[in-house]
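Here is the structure we will look at, set down as structure tokens.
Note on naming: letters A, B, ... go to the chains in the order of the sequence lines (proteins, then strands), and numbering restarts at 1 for each one. Note that these values count all heavy atoms, side chains included, but never hydrogens, waters or copies made by symmetry.
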Amino acid sequence: MEKNVRVRFAPSPTGPLHMGGVRTALYNYLFAKKMGGTFILRIEDTDQTRFVAKAEEYIIEALKWCGIPAAEGVGFGEGAYGPYRQSERKHMYKQFADILIEKEHAYYAFDTPEELEQMRENLKKAGVAAPQYNAITRHSMKNSLTLSAQEVQHKLESGEPYVIRLKVPRNEEIKFNDIIRGWVVVQSSNIDDKVLYKSDGMPTYHLANVVDDYLMKITHVIRGEEWLPSAPLHVLLYRFLEWEEVMPRFAHLPLILRPDGNGKLSKRDGDRLGFPVFPLNWTDPETGENSTGYKERGYYPQAFLNMLALLGWNPGTNQEIFSLEELVSAFSLERVSKSGAKFDPEKTKWFNQQYLRRQTPPQLAQAWMPELIEKGINADSVFIEKVCSLLQEKAHFINEFWSLGFYFFTAPAEYDKEVIKKRWNEKAVLFLETFHNHFLTLSESSSAEIEATFKTICEQLQIKPGEVMQLLRVAITGLGGGPALFEIISLLGKQEVSNRLKMALDKIPSYA
RNA sequence: GGCCCGUUCGUCUAGGGGUUAGGACGUCAGAUUUUCAUUCUGAAAACAGGGGUUCGAUUCCCCUACGGGCUGCCA
């Protein structure tokens with residue numbers, strides 16, 4: 001077993017973290033915990049042009065809400081390998097680019113963006129589908145391989161903008177053993193001379209992530225499949241920097257796909273299809289555009305995480321509901337699947353329902369209380385808890401409680417029209433009146449008692465219970481469905497039910 | 001286009017040379033609660049296609065098809 005496992009989640013702060021990112025963070029977290037290792041948050045902000053204010057803060061808040069905090073890194077008390085923001089590590093990268101140049105594994109390039117564009121266009125015209133800056137084309141570009149040493153020196157000294165590119169060998173087989181995918185083999189001729197160091201003095205992702213992973217003693221790189229094509233490049237970097245023996249193991253996670261059609265789940269899909277893609281609400285600082293989060297939609301973070309964990313990983317058993325601790329002990333990268341997984345919003349709701357079911361009535365009452373207070377409801381806590389335990393089995397979210405059970409606190413203002421249309425007739429009115437009278441004479445009003453009364457009356461009047469049961473419900477709650485009716489009546493109490501029956505008898509005839 | 005990765009019910013997936021191919025969500029049907037939006041039971045529902053290898057392939061290999069990712073001085 002490896003010792004001192006160190007993994008990192010390394011998002012770039014270009015916007016809110018979406019659920020794919022959360023899952024990557026989760027798998028990193030689970031793996032770290034499982035191995036007794038360290039989970040690190042590193043902010044990859046090497047692209048200053050794409051910086052989004054508040055994004056970093058959002059990422060940190062999201063991890064906290066989910067309950068998968070980093071042990072080390074930005075927003076989590078730093079650690080021994082800081083700083084953990086690449087912009088603050090700016091000074092560390094150049095020396096490694098220089099080493100590569102010294103070893104002739106990299107070179108300076110002075111081509112302007114226009115010249116690069118020109119090169120690509122020319123090659124396309126000549127029939128090259130994917131023009132590359134590579135072992136062939138670099139000979140006709142402006143770089144330290146084609147220019148004389150003096151020219152290069154002069155350009156450098158005169159402050160001409162330059163980048164440093166990796167000199168990818170012409171024809172070499174590069175391979176690595178991915179934990180999830182097995183051996184991945186790529187010919188170096190298919191890799192281009194990637195920019196490692198940008199003209200603005202910042203490294204690109206490729207250089208920065210390799211340098212930082214090395215410096216931070218990262219043992220396993222667990223990231224999305226979109227990185228698979230550049231992994232060989234990173235392997236090359238480790239080799240050229242002579243860090244191969246401490247090169248991390250790679251695990252490339254399958255993508256999360258959109259529920260409709262195909263393709264990677266994107267930030268836009270959520271609002272288009274009506275489910276959140278972000279853990280928390282987000283307001284775009286530029287456009288003011290709002291996106292809803294799982295938190296604000298009423299999801300439990302545990303349910304959200306549980307769903308995410310099973311999207312691309314499974315324990316090999318039939319267990320589906322896992323606490324975080326259970327996930328940690330069951331998790332392994334080997335059981336992560338290779339193929340992309342379509343996200344299923346319905347099953348996500350189901351997970352939340354499962355967690356809701358597992359709450360105790362006091363927990364539910366506490367969670368519901370703010371809304372009740374806001375609505376000016378002032379009820380006994382024991383009563384509220386009883387309401388919660390009835391509502392619990394009908395709801396997926398606590399935020400459905402009010403629309404499902406407002407009638408516990410206030411008489412209905414409307415009645416289900418469908419039911420009235422179908423069931424309201426003279427016989428039904430007679431039933432309601434009779435039931436009302438009997439109900440008032442009841443000495444105790446337990447649900448069993450009420451049910452017995454109900455049945456007796458049905459027999460007396462020769463009415464099938466099915467004909468009036470739902471109507472009775474509508475008269476009292478206004479709704480056509482809900483928790484056990486006699487429980488509701490019992491809980492509401494004699495006086496209230498009596499009032500409501502009177503009101504229903506009075507209002508319903510002129511209804512619909 | 002090129003390179004890379006993938007392909008078991010509609011969806012998430014288990015399995016793995018000989019199985020009635022298992023589970024979950026969803027769907028549908030029955031039951032029960034003499035209502036329902038709960039619960040229970042049940043049903044329909046899958047190995048992309050073609051070649052090998054093999055006594056036998058859904059499982060191993062190859063090809064095809066399809067899907068996805070990447071192809072920036074983005075990450």
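With a cut-off of 3.5 Å on both pairing distances, the Watson-Crick or G-U wobble partner of B:G6 is B:C66. Across all strands shown, B:U41 pairs with B:A29; the Watson-Crick or G-U wobble distances both stay below 3.5 Å. The pairing partner recorded for B:U53 is none, the criterion being a Watson-Crick or G-U wobble arrangement whose two distances lie under 3.5 angstrom. With a 3.5 Å ceiling on both atom-pair distances, B:A46 lacks any Watson-Crick or G-U wobble partner. Within the shown strands, nothing qualifies as a pairing partner of B:U35 under the Watson-Crick or G-U definition with both distances less than 3.5 Å. A 3.5 Å limit on both hydrogen-bonding distances identifies B:A24 as the Watson-Crick or G-U partner of B:U11.
For A:K124, no side-chain nitrogen or oxygen approaches OP1 or OP2 of B:G2 to under 4.0 Å. For A:N314 and B:U13, the shortest distance from a side-chain N or O to OP1 or OP2 is not below 4.0 Å. Between A:S337 and the phosphate of B:U13, there is a side-chain N or O to OP1/OP2 separation shorter than 4.0 Å. For the OP1/OP2 pair of B:G68 and a distance below 4.0 Å, the side-chain nitrogens and oxygens of A:S339 include no atom meeting the criterion. Between A:R335 and B:G15 there is a side-chain polar atom (N or O) within less than 4.0 angstrom of OP1 or OP2. Within the structure, a side-chain polar atom (N or O) of A:K455 is placed less than 4.0 Å from OP1 or OP2 of B:U34. Put simply, A:K198 has a side-chain N or O that comes within less than 4.0 Å of OP1 or OP2 on B:C74.
Distance from the side chain of A:P113 is smallest for B:C73 among the nucleotides B:U11, B:A75, B:C73. In the set B:C70, B:A75, B:C25, the nucleotide with an atom closest to the side chain of A:Y205 is B:A75. Looking at the side chain of A:T204, the nearest of the listed nucleotides B:C74, B:U38, B:G69 is B:C74. For A:E226, taking side-chain heavy atoms from C-beta onward, the closest of the listed nucleotides B:C3, B:C5, B:A75 is B:A75. When distances are taken from the side chain of A:M469 to each of B:U35, B:A24, B:G68, the shortest belongs to B:U35.
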_side-chain hydrogen bond (donor to acceptor under 3.5 Å, both in side chains) between A:R223 and A:H252, worked out_ = CA-CA 5 Å; A:R223 68 222 314 184; A:H252 289 93; 3.1 Å; yes
*Verify side-chain hydrogen bond (donor to acceptor under 3.5 Å, both in side chains) between A:T360 and A:Q363, making sure each step is shown before the conclusion.*
CA-CA 5 Å; A:T360 63; A:Q363 285 174 315; 3.2 Å; yes
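Taking atom CG of residue A:L253 and atom C1' of nucleotide B:G6, one finds them 14 Å apart after rounding to whole Å. Atom pair A:H252:NE2 and B:C70:C1' shows a separation of 11 Å (rounding to whole Å applied). Note: NZ (A:K349) to C1' (B:U11) measures 15 Å, nearest angstrom. What separates NZ of A:K342 from P of B:U8 is a distance of 11 Å, to the nearest Å. A:D192 places its CG atom 15 Å from the P atom of B:C70, with the value rounded to the nearest Å. Distance A:L123 CG to B:G2 P: 17 Å, rounded to the nearest Å. Distance A:K347 NZ to B:C25 P: 6 Å, rounded to the nearest Å. For A:N177 and B:C5, the CG to P distance is 12 Å, given to the nearest whole Å.
Checked against a 6.0 Å centroid threshold, the rings of A:F397 and A:W368 do not count as neighbours. A distance below 6.0 Å separates the ring centres of A:W227 and A:Y205. Ring-centre distance between A:Y299 and A:Y355: not below the 6.0 Å cut-off. Between A:F454 and A:F431, a ring centre-to-centre spacing shorter than 6.0 Å is recorded.
Looking at heavy-atom distances under 4.0 Å, A:K338 makes contact with sugar-phosphate atoms alone, never a base. Backbone-only engagement by A:R120 is indicated by non-hydrogen atom pairs under 4.0 Å involving sugar-phosphate atoms exclusively. Counting any heavy atom pair closer than 4.0 Å across all strands shown, A:G482 reaches a base atom. Across all strands, A:G224 comes closer than 4.0 Å to no nucleic acid atom at all (heavy-atom distances). Contacts of A:D111 with the nucleic acid, taken as non-hydrogen atoms under 4.0 Å apart, include base atoms. If you check every strand for non-hydrogen atoms under 4.0 Å, A:T46 touches sugar and phosphate atoms only. Residue A:L196 is out of contact with every strand shown, counting any heavy-atom pair closer than 4.0 Å. Note on A:A484: a base of the nucleic acid sits closer than 4.0 angstrom, heavy atoms only. Residue contacts shown for A:R181 are limited to sugar-phosphate atoms, with no base heavy atom under 4.0 Å away. Across all strands shown, A:R165 has heavy atoms under 4.0 Å from sugar-phosphate atoms exclusively, and none from any base. Here A:L485 lies in heavy-atom contact (under 4.0 Å) with a base.
Below 30°, between 30° and 60°, or above 60°: for A:Y197 and A:Y162 the angle between ring planes is below 30°, a parallel geometry.
Along RNA chain B, the nucleotide nearest to A:D47 and the one nearest to A:F454 differ in position, and the one closer to the 5' end is contacted by A:F454. Nearest-nucleotide positions on RNA chain B place A:E451 closer to the 5' end than the other of A:V163 and A:E451.
Using a 3.5 Å distance cut-off with no hydrogens or angles, the side chains of A:D212 and A:Y93 do pair a donor with an acceptor.
Proximity of residues 126-133 of chain A to RNA chain B (heavy atom under 4.0 angstrom from any strand atom) is restricted to A:A129, A:A130.
Look at the P atom in both B:C25 and B:U39: the space between them is 9 Å, to the nearest Å. To the nearest whole angstrom, the two C1' atoms, one in B:G18 and one in B:U32, are 43 Å apart. Between B:G50 and B:C66, the distance separating the two C1' atoms is 14 Å to the nearest Å. Spacing of C1' atoms, B:C9 relative to B:C5, comes out at 24 Å, to the nearest Å. The C1' atoms of B:G69 and B:C63 are separated by 23 Å, rounded to the nearest whole Å. A gap of 16 Å separates the C1' atoms of B:C62 and B:U54, to the nearest Å. For the P atom pair drawn from B:C60 and B:U71, the interatomic distance equals 31 Å after rounding to whole Å. Across B:A37 and B:U27, the matching P atoms stand 11 Å from one another, rounded to whole Å.
The main-chain N or O of A:L41 is never found under 3.5 Å from a side-chain atom of A:R8 such that the two would form a donor-acceptor pair. Remark: side-chain polar atoms of A:E393 are not paired, donor with acceptor, to backbone N or O of A:L390 under 3.5 angstrom.
Evaluation of atom-type donor-acceptor distances gives no pair under 3.5 Å for the side chain of A:S230 against the base of B:C70.
The cationic atom of A:K155 (NZ for Lys, CZ for Arg) lies less than 6.0 Å from the six-membered ring centre of A:F110 and within 45° of the ring axis. A cation-pi contact links A:R23 to A:Y27, judged by a cut-off of 6.0 Å to the six-membered ring centre and 45° from its axis.
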